[in-house]
Amino acid sequence: MQCLTKTAHPLIPIRGVEFFQGTLDSTDEIESARVFDTTLRDGEQSPGTSFSYDDKRQIAAILDDMGTHVIEAGFPVNSDAEFEAVRDIASSTSTTTCGLARVVDGDIEAALDSGVEMVHTFVSTSDVQIEDSMHATREEVAQRAVDSVERIKEAGVTCMFSPMDATRTDETFLLDVVEAVSEAGVDWINVPDTCGVATPGRFGDMIEKISAHTDARIDVHTHDDFGLATANALAGIEAGADQAQVSVNSIGERAGNAAYEEFVMSVESLYQCDTGIDTTRITELSEIVEEKSEMATPGNKPIVGDNAFSHESGIHAAGVIENSDTFEPGVMTPEMVGAERRLVMGKHTGTHSVRERLRERGYDPTDDEVRAVTRRVKDYGAEKRRVTVSDLERFAEDADVDRRQESEQAHEFTERDRDDRDHEEHEEVRI
């Protein structure tokens, strides 16, 4: 998973597309980045979300097939059903499976019994949580952390430790705990921004300090309360962390976590590093998690939202028709994430887009006819109504636009166009 280094020639990544040689063409900040998915654990903690046993197995199978480095399958001690799901995911996937455990003997034993390759144990380290949630002392917290790490390591399992609420923890105490669990043999230290209060620069500085006090590998877990989760995760990686905890569609506690799709595609496209993950299944994964979590994905959600590769504005659509790089990132295409580009008809649609769509539907419009149909599309869209394929064809018929001969139409339509034409009648116009 080595990052490509900058050369004098245009940079061509192994799996992505060429990075534009402009003002932001430096792509050598990181060498690699691993992905720890917590959709099935923290993601399921989204208010109102509950994954069934079958849901968990299905999502885990896709994450595994895609090459996700770690899957946190759940909290084994939580219930018999949760234990069985974690156990079966651990036995059926080839990637590393992780189970969560508090610094409590019963939690740790349940995680170990589930057969996971990694146990993720955690304890609060901020004074507000120690005093008002745990009703304990700093000394008790530090001892429980060390005891739990030692128990997990005695079992021969990879151990990850999280000082929960690290970003609101006294720095001296945080570093003391980090050093103590490091001496106990911890493999990974996860740094959680539990309440989402970090900023990229501050979080990066924090990761550097923690790294200087441990030989363990560093993982980061960032929340999105201020919309900075993915940015903070990337800042952590730039500062030396090896791995980020993410969830699909950014679901999770409160405003959620760093988004799987945003983190992976940023590493792949902006940093030009090969994660080893099959990005072409990202849209499929997102849609399944949306369905199973019953949490709708906003249209403007980066990477996987309906509008991520959609264009309505006349200027944008005209540019994209000529060359998609004009008004899309260029380093990330819809094909890279298993999505499709769409030209949406509406108030802001221009003649270039209308002409393309009419020709795709088998019409041969004149310039005047294109302008007439465009006016109808704009007026219809201005009323906040969706312009469907059937609407477009109705506008074309009203304007007496001629259709080409069937032989010409057949030449221009792909097999997929022909197969989809009937059921697309009431769908939005797209490419």
Side-chain angles (χ1 to χ4, degrees), residues 34 36-38 40-42 60 64 68-125 129-130 133-134 136-166 169 173-192 194 210-221 241-243 245:
R34 287 169 51 91
F36 178 116
D37 181 84
T38 187
L40 301 179
R41 199 276 301 170
D42 197 330
D64 185 32
T68 307
H69 303 104
V70 182
I71 298 173
E72 190 168 42
F75 192 13
V77 79
N78 190 49
S79 67
D80 291 343
E82 182 84 345
F83 178 88
E84 291 176 6
V86 174
R87 180 195 61 194
D88 292 350
I89 289 170
S91 64
S92 64
T93 55
S94 58
T95 193
T96 298
T97 304
C98 179
L100 187 70
R102 294 167 297 185
V103 287
V104 175
D105 289 343
D107 286 26
I108 292 170
E109 294 308 317
L112 292 172
D113 289 345
S114 72
V116 294
E117 296 90 354
M118 175 188 289
V119 174
H120 176 194
T121 190
F122 70 98
V123 67
S124 298
T125 53
Q129 291 192 1
I130 291 173
S133 179
M134 294 184 63
T137 66
R138 286 186 177 183
E139 291 72 21
E140 290 171 330
V141 162
Q143 190 60 54
R144 291 184 197 177
V146 169
D147 291 345
S148 297
V149 170
E150 289 178 344
R151 173 67 188 97
I152 294 166
K153 292 303 297 178
E154 285 173 3
V157 175
T158 300
C159 180
M160 173 179 283
F161 170 75
S162 288
M164 187 161 70
D165 207 16
T169 296
F173 178 58
L174 176 64
L175 296 178
D176 286 345
V177 172
V178 165
E179 290 179 352
V181 295
S182 297
E183 290 177 8
V186 73
D187 299 291
W188 286 89
I189 291 178
N190 173 53
V191 184
T194 303
I210 290 173
S211 297
H213 287 263
T214 183
D215 292 328
R217 302 183 76 179
I218 304 295
D219 179 81
V220 296
H221 179 109
D242 298 286
Q243 180 171 273
Q245 298 194 3

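A quick note: this is a predicted structure, and the numbers were derived from the prediction, not measured.
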(Q) Could you tell me if the side chain of V141 sits less than 4.5 Å from the side chain of M134, heavy atoms only? (A) yes
Q: Report the distance from atom CH2 of W188 to atom OG1 of T158, rounding to the nearest 0.5 Å.
A: 9.5 Å
Q) Is the backbone N or O of C159 less than 3.5 Å from a side-chain atom of D187, with the two atoms forming a donor-acceptor pair by type? A) yes
Q) Minimum heavy-atom separation for A101 to V119, with atom names? A) CB-CG1, 4.1 Å
Q) Any side-chain heavy atom of L175 within less than 4.5 Å of one from I210? A) yes
Q: Measure the CD1-CZ distance between I71 and R41 for me, rounded to the nearest 0.5 Å.
A: 14.5 Å
Q: Go through the side-chain N and O atoms of H120 and E72 and say whether any donor and acceptor fall under 3.5 Å apart.
A: yes
Q | Minimal non-hydrogen separation, D88 against S91, with atom names | A | O-OG, 3.0 Å
**Q.** R144 versus A136, closest heavy-atom pair with distance
**A.** NH2-CB, 4.4 Å
Q. Under 4.5 Å between any side-chain heavy atoms of D113 and P76, yes or no?
A. no
Q) Between F122 and H221, is any pair of side-chain heavy atoms under 4.5 Å apart? A) no
(Q) Would D219 and V70 count as a side chain to side chain contact (heavy atoms under 4.5 Å, CB included) here? Give the steps. (A) CA-CA 11 Å; D219 179 81; V70 182; over 6 Å; no
Q) Can you name the closest pair of heavy atoms from C98 and F36 and give their distance? A) SG-CZ, 4.0 Å
Q) In chain order, what residues pass the salt bridge (charged side-chain N to carboxylate O under 4.0 Å, His left out) check against D242, with sequence neighbours excluded? A) R217
Q) Would you find a donor on one side and an acceptor on the other, under 3.5 Å apart, between the side chain of T194 and the backbone of D165? A) yes
Q) Atom OG1 in T214, atom CD1 in I189: separation rounded to 0.5 Å? A) 3.5 Å
Q) Which heavy atom in R34 sits nearest to a heavy atom in H69, and how many Å separate them? A) CA-ND1, 3.5 Å
Q. Is it true that a side-chain atom of S124 and a backbone atom of M164 form a donor plus acceptor pair closer than 3.5 Å?
A. no
Q. Side chain to side chain contact (heavy atoms under 4.5 Å, CB included) between Q245 and D42: does it pass, once the steps are laid out?
A. CA-CA 10 Å; Q245 298 194 3; D42 197 330; over 6 Å; no
Q: Measure the spacing between CG of D107 and CG of L112 and express it to the nearest 0.5 Å.
A: 11.0 Å
Q. Rounded to the nearest 0.5 Å, how far apart are CD1 of I218 and CD of Q243?
A. 11.0 Å
(Q) Would S94 and D64 count as a side-chain hydrogen bond (donor to acceptor under 3.5 Å, both in side chains) here? Give the steps. (A) CA-CA 7 Å; S94 58; D64 185 32; 3.1 Å; yes
Q: Could I get the full list of side chain to side chain contact (heavy atoms under 4.5 Å, CB included) partners for A145, not counting sequence neighbours?
A: V123, F161, V181
Q | salt bridge (charged side-chain N to carboxylate O under 4.0 Å, His left out) involving E109 - partner list, sequence neighbours excluded | A | R151
Q: Quickly, which of T96, T95, T97 forms a side-chain hydrogen bond (donor to acceptor under 3.5 Å, both in side chains) with T93? Name it, please.
A: T97
**Q.** Contact check, side chains of V177 and T169, non-hydrogen atoms, under 4.5 Å
**A.** no
Q. Counting only heavy atoms not in D105, do more than 12 fall under 6.0 Å of its CG?
A. no
Q | P163 versus P192, closest heavy-atom pair with distance | A | O-CD, 3.3 Å
